[in-house]
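Quick note: residue numbers are just sequence positions, from 1.
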Amino acid sequence: MESILRVTRRGGVILVAVLSVACSLLLVYLVFNRGAISHLPTLHLVALVGSLLLPITTLGLLRLDQLTVRARGSGR
């Protein structure tokens with residue numbers, strides 16, 4: 001049962017990350033093709049970059065957490 005939950009949780013995190021990156025790339029595409037990039041303030045551009053980097057960072061931290069738990073043992 002625990003392995004099913006682990007796989008489901010990992011799959012859910014990966015699915016959300018992929019969807020988030022896809023939506024961010026669509027937003028970047030729309031911003032660049034409509035010429036709105038020159039009118040956006042810096043804060044909006046930083047948020048756009050953050051929307052691309054945060055899911056990737058989350059997946060990296062999830063992997064680091066998995067490696068740490070595996071190295072320390074399950075503790076059970």
According to side chain to side chain contact (heavy atoms under 4.5 Å, CB included), who are the partners of R9, at least two apart in sequence or on a separate chain? R6
Between P55 and G50, which heavy-atom pair has the shortest distance, and what is it? CD-O, 4.3 Å
Counterpart residues, side chain to side chain contact (heavy atoms under 4.5 Å, CB included), relative to V13 (two or more places apart): L59, L62
Take L45 and V49, measure what side chain to side chain contact (heavy atoms under 4.5 Å, CB included) needs, and give me the verdict at the end. CA-CA 6 Å; L45 296 175; V49 170; 5.8 Å; no
Measure the CZ-CZ distance between R63 and R10 for me, rounded to the nearest 0.5 Å. 7.5 Å
Excluding sequence neighbours, so at least two apart, what forms side chain to side chain contact (heavy atoms under 4.5 Å, CB included) with T68? L64, R72
Would you mind writing out the side-chain donor-acceptor pairs for residues 19-37 within the sub-3.5 Å range, not counting sequence neighbours?
| from | atom 1 | to | atom 2 | distance (Å) |
| --- | --- | --- | --- | --- |
| S24 | OG | S20 | O | 2.9 |
| S24 | OG | S51 | O | 3.0 |
| S24 | OG | S51 | OG | 3.1 |
| Y29 | OH | N33 | ND2 | 3.1 |

Using side chain to side chain contact (heavy atoms under 4.5 Å, CB included) as the criterion, list what pairs up with L43, not counting sequence neighbours. none
I need the L53 CG to T58 OG1 distance, nearest 0.5 Å. 10.5 Å
